[in-house]
Chemist: 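Provided herewith is a single structure, encoded as structure tokens, for subsequent inquiry.
We count ligands from 1, going down the list as the structure has it; atoms in each ligand are counted the same way. Side chains are part of it too, since the values below use all heavy atoms of this structure and drop only hydrogens, waters and symmetry mates.
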Amino acid sequence: MTETSAVAEAETEKLVAEAAGNTDGASSEGPKFTLELNQDQKDIRDWVHGFAEGVVRPAAEEWDEREETPWPVIQEAAKIGLYSFEALGQFWADETGLTLPIANEELFWGDAGIGMAIMGTSLAVAAIFGQGTPEQMGEWIPQCFGSADDPKVAAFCSSEPDAGSDVSAIRTTAKYDEATDEWVINGQKAWATNGGIADVHVVIATVDRELGSRGHAAFVIPPGTKGCEQGAKVKKHGLRASHTADVHLDDCRVPGACLLGGKEKLDERLARVREGKKAKSQAAMQTFEASRPTVGAQALGIARAAYEYSLEYAKERRQFGKAIIENQSIAFTLADMKLEIDAARLLVWRAAWMGRSGQKFENAEGSMSKLKAGEVAVWSTERAIQILGGNGYTREFPVERMHRDAKIYTIFEGTSEIQRLVISRAISGVHVK
Ligand SMILES: Cc1cc2nc3c(=O)[nH]c(=O)nc-3n(C[C@H](O)[C@H](O)[C@H](O)COP(=O)(O)OP(=O)(O)OC[C@H]3O[C@@H](n4cnc5c(N)ncnc54)[C@H](O)[C@@H]3O)c2cc1C
């Protein structure tokens, strides 16, 4: 990876330029869709798979039991360049859109808790990348990762105790202090991955509550800012190697330049909304739709791991004088698991390709991919437990952990119900409630 980091850097610069609108329009036609992976995609897949198999899997049980952030594993990932701005930039840079989901599937095949400890930072990075100016991207994104010798993590804080699915209910406020050119942020964030242990926090706050979600803005809270503290750490059902906690913001003052996108742009947007002009909610929806296949790919990694484990087990385990896979009920279950996983992957790849090549998500194809992959992961891991029988129910075997980990994929990044809401509204044009 080190030898490819120059290429990755160039690609990342190109992406930043694209985000800033400074492109020469060279790729306006977009890449053609193919399911045949190119050599770069195969190399990255094998590279991430090697790390997942050699480093992540052997550590999975320990960090799940410890319920702590696996800093030594993050450091290993940083040392080989996998946990870095350059690697994420390289995954993003693939014009087909497939490399990002492929890398996520492989990493989460290794273990989802550790996978999220490594990939959780990318939520904050995506917000900075999606909403920041080129200067803000250059300043804050590298700080989200730290260095290979001293890796850091970042947190994206949107949810609150009374604002989960309903983001319009966010109460955290940001008030501008003209005298000091600072924003003063107050509120409580809930469920933040890496909350409180992160160097960089990206916080969604309201600058005008009357405007609902159209009055929201995103702020970077720089490392060590006074008034930004970790609250209670959450003890979880699964994904236990990933830290989740409340974040308290008490008169937390950040420089004016920490408002992502800048004040001028915010003021223009608020003026448009107050005049009753249409807000750019379509753009926000496109962004959500484009990030959902990556989350779906993580769920796929868990589902595939459970499928592979139970397939091997079914060939080995003998009852009534034969391998249990010789029973149709077991073999058909495995056939269905493979079928569902492959079908979900096609939805994930389609949505990833659409997002990267700028296609319009007419039918909420991003939501479809996350919904399907999340539900397939929960179903497949439950079936895997069944195939392992009593062993499947114990912590001596990994499928119960996979099942616990999989469940979050029908809850975070939009619950299954919210995905169905988005899809039903998209296909019907009716504001389904
Ligand atoms: C491990 C973990 C990590 C997380 N990481 C982050 C993070 O890094 N940053 C962050 O900001 N948030 C994070 N979250 C929060 C997560 O995004 C929310 O939990 C999620 O959005 C759901 O919100 P909620 O828990 O408040 O559930 P609620 O919104 O209270 O929903 C409860 C139930 O009601 C259903 N429901 C709600 N509204 C409707 C409706 N209109 N129609 C039908 N059904 C509905 C939901 O589908 C769900 O089944 C994390 C959560 C967990 C558990």
Chemist: Could you tell me whether Thr193 approaches ligand 1 through its side chain, its backbone, both or neither, with non-hydrogen atoms closer than 4.0 Å?
Modeler: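 It is both backbone and side chain that touch ligand 1.
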
Chemist: Charged N to carboxylate O under 4.0 angstrom, Glu289 versus Lys360?
Modeler: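 Salt bridge: no.
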
Chemist: Tell me if the aromatic rings of Phe129 and Trp92 count as close, with their centers under 6.0 Å from one another.
Modeler: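 Yes, close enough.
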
Chemist: Closest non-hydrogen protein atom to atom 24 (P) of ligand 1, residue and atom name please, with distance?
Modeler: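 Minimum-distance protein heavy atom for atom 24 (P) of ligand 1 reads Gly164 CA, 3.9 Å.
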
Chemist: Does Lys189 reach the main-chain N or O of Ser158 with its side chain, forming a donor-acceptor pair under 3.5 Å?
Modeler: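 Between the backbone of Ser158 and the side chain of Lys189 there is a qualifying donor-acceptor contact (under 3.5 Å).
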
Chemist: Below 4.0 angstrom from a heavy atom of Leu123, which ligand 1 atoms are there? Numbered from 1 as shown, please.
Modeler: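 Result: 8 (O).
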
Chemist: Which protein heavy atom lies closest to atom 31 (O) of ligand 1, and at what distance to 0.1 Å?
Modeler: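 Closest protein heavy atom to atom 31 (O) of ligand 1: Ser165 OG, 3.8 Å.
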
Chemist: To the nearest 0.5 Å, what is the distance between OG (Ser168) and CZ (Arg209)?
Modeler: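 That separation rounds to 9.0 Å.
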
Chemist: So which bit of Ile408 gets within less than 4.0 Å of ligand 1, heavy atoms only: side chain, backbone, both or neither?
Modeler: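 For Ile408, the contact with ligand 1 is made by the side chain alone.
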
Chemist: Look at atom 4 (C) of ligand 1 and say which protein heavy atom is nearest, naming residue and atom and giving the distance to 0.1 Å.
Modeler: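 Residue, atom and distance for the closest contact: Trp191 O, 3.1 Å.
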
Chemist: Give yes or no for whether the N/O distance cutoff of 3.5 Å, strictly under, is met between Ser158 and ligand 1.
Modeler: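 Yes: some nitrogen or oxygen of Ser158 is under 3.5 Å from one in ligand 1.
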
Chemist: Could you tell me whether atom 34 (O) of ligand 1 has at least one protein heavy atom nearer than 4.0 Å?
Modeler: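 When distances to the protein are checked, atom 34 (O) of ligand 1 has no heavy atom within 4.0 Å.
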
Chemist: Only heavy atoms of Ile411, strictly under 4.0 Å: list the atoms of ligand 1 that pass.
Modeler: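 Those of ligand 1 that fall under 4.0 Å from Ile411 are 20 (C).
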
Chemist: Considering only NZ, NE, NH1 and NH2 on the basic side and carboxylate oxygens on the acidic side, decide whether Arg272 and Glu268 come within less than 4.0 Å.
Modeler: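 Between Glu268 and Arg272 there is no salt bridge, as every charged N stays at least 4.0 Å from the carboxylate O atoms.
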
Chemist: Tell me, do Pro222 and Trp140 make a side-chain contact under 4.5 Å, heavy atoms counted?
Modeler: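 A side-chain contact exists here, since the closest heavy-atom pair is under 4.5 Å.
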
Chemist: Ligand 1 and Lys236, any nitrogen or oxygen pair closer than 3.5 angstrom?
Modeler: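 Such a contact does not occur with ligand 1.
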
Chemist: Under 4.0 Å from any heavy atom of Glu417, which atoms of ligand 1 are there?
Modeler: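 Answer for ligand 1: 43 (C), 44 (N), 46 (C), 47 (O), 49 (O).
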
Chemist: Under 4.0 Å between a Lys/Arg side-chain N and an Asp/Glu carboxylate O for Glu340 and Lys372?
Modeler: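 Yes.
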
Chemist: CG/Leu259 to CD/Glu182 distance, rounded to the nearest 0.5 angstrom?
Modeler: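 One gets 13.5 Å once the value is rounded to the nearest 0.5 Å.
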
Chemist: Please list the nearest protein heavy atom to atom 46 (C) of ligand 1 with its residue and the distance rounded to 0.1 Å.
Modeler: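 Sorting protein heavy atoms by distance from atom 46 (C) of ligand 1 puts Thr415 OG1, 3.6 Å first.
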
Chemist: Can you confirm whether the side chains of Gln143 and Asp199 place a donor and an acceptor under 3.5 Å from each other?
Modeler: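 Checked: Gln143/Asp199 side chains show no N/O donor-acceptor pair below 3.5 Å.
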
Chemist: Just distances here: any N/O of Phe156 and N/O of ligand 1 closer than 3.5 Å?
Modeler: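 Yes; at least one N/O pair falls below 3.5 Å.
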
Chemist: Could you identify the single nearest non-hydrogen protein atom to atom 40 (C) of ligand 1 and state the distance to 0.1 Å?
Modeler: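 Minimum-distance protein heavy atom for atom 40 (C) of ligand 1 reads Ile418 CD1, 4.1 Å.
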
Chemist: Salt bridge check: are Asp150 and Lys152 linked by an N-O gap of less than 4.0 Å?
Modeler: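 Between Lys152 and Asp150 there is a salt bridge, with a charged N closer than 4.0 Å to a carboxylate O.
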
Chemist: Indicate whether atom 8 (O) of ligand 1 is within a distance of less than 4.0 angstrom of some protein heavy atom.
Modeler: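 So far as the 4.0 Å threshold goes, atom 8 (O) of ligand 1 is in reach of a protein heavy atom.
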
Chemist: Got a protein heavy atom sitting under 4.0 Å from atom 43 (C) of ligand 1?
Modeler: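 Under the 4.0 Å cut-off, atom 43 (C) of ligand 1 does have protein heavy-atom neighbours.
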
Chemist: What is the nearest protein non-hydrogen atom to atom 17 (O) of ligand 1, stated with its residue, atom name and distance?
Modeler: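 Protein heavy atom at minimum distance: Ser159 OG, 3.6 Å.
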
Chemist: To check your reading of the model: name the closest protein heavy atom to atom 41 (N) of ligand 1, its residue, and the distance in Å.
Modeler: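 Of the protein heavy atoms, Leu421 CD2, 4.0 Å lies nearest.
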
Chemist: Any donor and acceptor pair, going by atom type alone, linking the side chain of Ser122 with main-chain N or O of Val125 inside 3.5 Å?
Modeler: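 Absent.
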
